[in-house]
2 protein chains.
Amino acid sequence: MVVRSPLTDDELDRLFRALADATRRDIVTRLLAGEPASVSTLAARYDMSFAAVQKHVAMLEEAGLVSKESRGRERIVRSNPERIAQARALLFKLEQIWISRFSQLDDVLADPKPPTRK
Amino acid sequence: MVVRSPLTDDELDRLFRALADATRRDIVTRLLAGEPASVSTLAARYDMSFAAVQKHVAMLEEAGLVSKESRGRERIVRSNPERIAQARALLFKLEQIWISRFSQLDDVLADPKPPTRK
DNA sequence: AGAACGTACAACCATGTGGTTGTATATATG
DNA sequence: CATATATACAACCACATGGTTGTACGTTCT
C-alpha cells in the first residue's frame with residue numbers, strides 16, 4: 001500500500017483553492033465519471049475561451065487533482081482520485097476532532113499547531 | 001432530521017475558498033477542538049494583526065463554517081461542524097462517481113451539468 | 001510544402017485576497 | 001466621567017485569479 005504522507009499547508013491551500021471554482025469542480029467531475037479527455041475536448045463544454053479552460057486545467061494539475069500526458073499533439077487529462085480522498089481525509093479528521101469532544105477518546109488526534117507564515 | 005439541501009455553486013466556492021488558507025483551517029480546527037472563543041482570543045494565536053484575523057473570521061462566517069454571537073463587547077465565535085460535513089459529502093460524492101465506474105451501479109448519482117456562469 | 005489543429009504562453013484588465021494602519025463606536029472599568 | 005478593551009470598517013498595497021486576445025510552435029492531414 002502506498003504511504004500517504006500528509007499534505008503540506010501549501011499543498012492543501014492549492015488543493016482547496018482548486019476546488020473553489022465551479023468550472024474546475026465540473027472538469028474534475030467529468031473526468032471522474034468518464035474517460036480521460038484532451039484539453040480542447042474539455043474546453044468545448046464551457047462558455048469561455050480555450051485559454052481560460054487551459055488555465056483551469058493547469059491549476060488542477062498544480063493541485064494534483066489531474067495529470068496530463070502527451071498523446072501526439074493532444075494533452076490527455078485524467079483525474080487523480082487519490083487527491084480527492086486526501087482532501088476528504090482532512091475534513092474527516094476535522095469532524096473527528098469535533099466528535100472526540102463528546103467521548104473520552106480525546107487523544108485520537110494530535111493537537112494542532114498554528115501554521116507558520118510564508 | 002434536518003433537511004440538508006445541496007449547496008449552490010456559490011456556497012461551495014466560498015466554502016472551499018475559506019478552507020484554502022492555513023490560518024483559517026487552524027482557526028476552524030481550534031474551534032472544533034476547544035471552546036468557542038472571542039475574535040481577540042483567536043487573534044492572539046497568530047503572528048498577524050487583529051484586523052487580519054478578523055477578516056479571516058469574516059470569511060469563515062460567510063462560508064458558514066463559523067457563527068458569531070454578541071456577548072457584551074465581545075463576539076464569540078463557534079464552529080459549525082455541519083458545513084465541514086457538507087464539504088466532505090461533496091468529496092465523497094466525487095469519489096463515488098469514480099468508484100461507480102467499476103461497478104454496474106452507475107445510476108447511483110445524477111449526471112453533472114456544466115455550471116452556469118456568473 | 002502548406003493548412004489546420006491542439007497547445008502553451010505572454011500581455012492585459014478587472015476584481016479578489018491577504019496583509020497593513022488608522023479611525024470610529026460600543027462596552028467595561030477606574 | 002475618563003480610559004481601556006473589543007470590534008468593525010475603510011483605505012491602501014502587493015499579488016493572485018479569472019477572464020480576454022494575440023502569438024508561437026509542434027503535430028497531423030492533404
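Chain letters run A, B, ... following the sequence lines, proteins first and then strands; every chain starts at 1.
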*Enumerate the residue pairs fulfilling ring pair (Phe, Tyr, Trp, His ring centres under 6.0 Å) with a member in residues 15-61 of chain B, sequence neighbours excluded, ordered by first and then second residue.*
none
*Start at the 5' end of DNA chain D and walk down; is the nucleotide closest to Asp21(A) or to Arg71(A) reached first?*
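Closest to the 5' end, via its nearest nucleotide, is Asp21(A).
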Any side-chain N or O of [X] less than 4.0 Å from the OP1 or OP2 oxygen of [N]?
X: His56(B); N: dT17(C); answer: no
X: Ser49(A); N: dG19(D); answer: no
X: Gln54(A); N: dA8(C); answer: yes

_Arg88(A)/Glu95(A) ion pair, N-O < 4.0 Å_ = no
*Within the side chain of Glu11(A), is there an N or O that forms a donor-acceptor pair under 3.5 Å with the backbone of Thr8(A)?*
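Yes, because the side chain of Glu11(A) sits within donor-acceptor range (under 3.5 Å) of the backbone of Thr8(A).
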*Can you tell me if Arg25(B) uses its side chain to pair, donor with acceptor, with the backbone of Asp9(A) under 3.5 Å?*
yes
Length of the [atom1]-[atom2] vector between [X] and [N], whole Å:
X: Lys55(B); N: dA11(D); atom1: NZ; atom2: P; value: 13 Å
X: Glu69(A); N: dA8(C); atom1: CD; atom2: P; value: 13 Å
X: Met48(B); N: dT17(C); atom1: CE; atom2: P; value: 16 Å
X: Glu62(A); N: dA8(C); atom1: CD; atom2: C1'; value: 14 Å
X: Asp9(B); N: dG18(D); atom1: CG; atom2: P; value: 14 Å
X: Lys68(B); N: dA6(D); atom1: NZ; atom2: C1'; value: 12 Å
X: Arg25(A); N: dG18(D); atom1: CZ; atom2: C1'; value: 14 Å

_Once you apply a heavy-atom cut-off of 4.0 Å, does Ala51(A) come out as touching a base, just sugar-phosphate, or nothing?_
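It contacts base atoms.
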*Derivation and outcome, side chain to side chain donor-acceptor pair (under 3.5 Å), residues Arg75(B) and Ser70(B)*: CA-CA 5 Å; Arg75(B) 304 301 148 90; Ser70(B) 283; 3.3 Å; yes
*Measuring from Glu61(B):CD to Lys68(B):NZ, what's the distance to the nearest 0.5 Å?*
4.5 Å
*State the OG1-CD1 distance between Thr29(B) and Ile97(A), to the nearest 0.5 angstrom.*
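Spacing of OG1 (Thr29(B)) from CD1 (Ile97(A)) equals 5.0 Å.
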*Is Leu19(B) close to Leu91(A) at the side-chain level, that is, under 4.5 Å between some pair of heavy atoms?*
yes
*Checking side-chain contact (heavy atoms from CB on, under 4.5 Å) for the pair Val66(B)/Asn80(B): CA distance, chi angles, key distance, verdict?*
CA-CA 5 Å; Val66(B) 306; Asn80(B) 178 14; 6.0 Å; no
Show me the protein contacts with nucleotides 13-17 of chain D, counting only N or O atoms at under 3.5 Å.
unit_1, atom_1, unit_2, atom_2, d
dT17(D), OP1, Arg17(A), NH1, 3.3

List every contact pair, protein side and nucleotides 2-6 of chain C side both N or O, where the distance is under 3.5 Å.
unit_1, atom_1, unit_2, atom_2, d
dC5(C), O4', Arg73(A), NH1, 3.4
dC5(C), O2, Arg73(A), NH1, 3.3

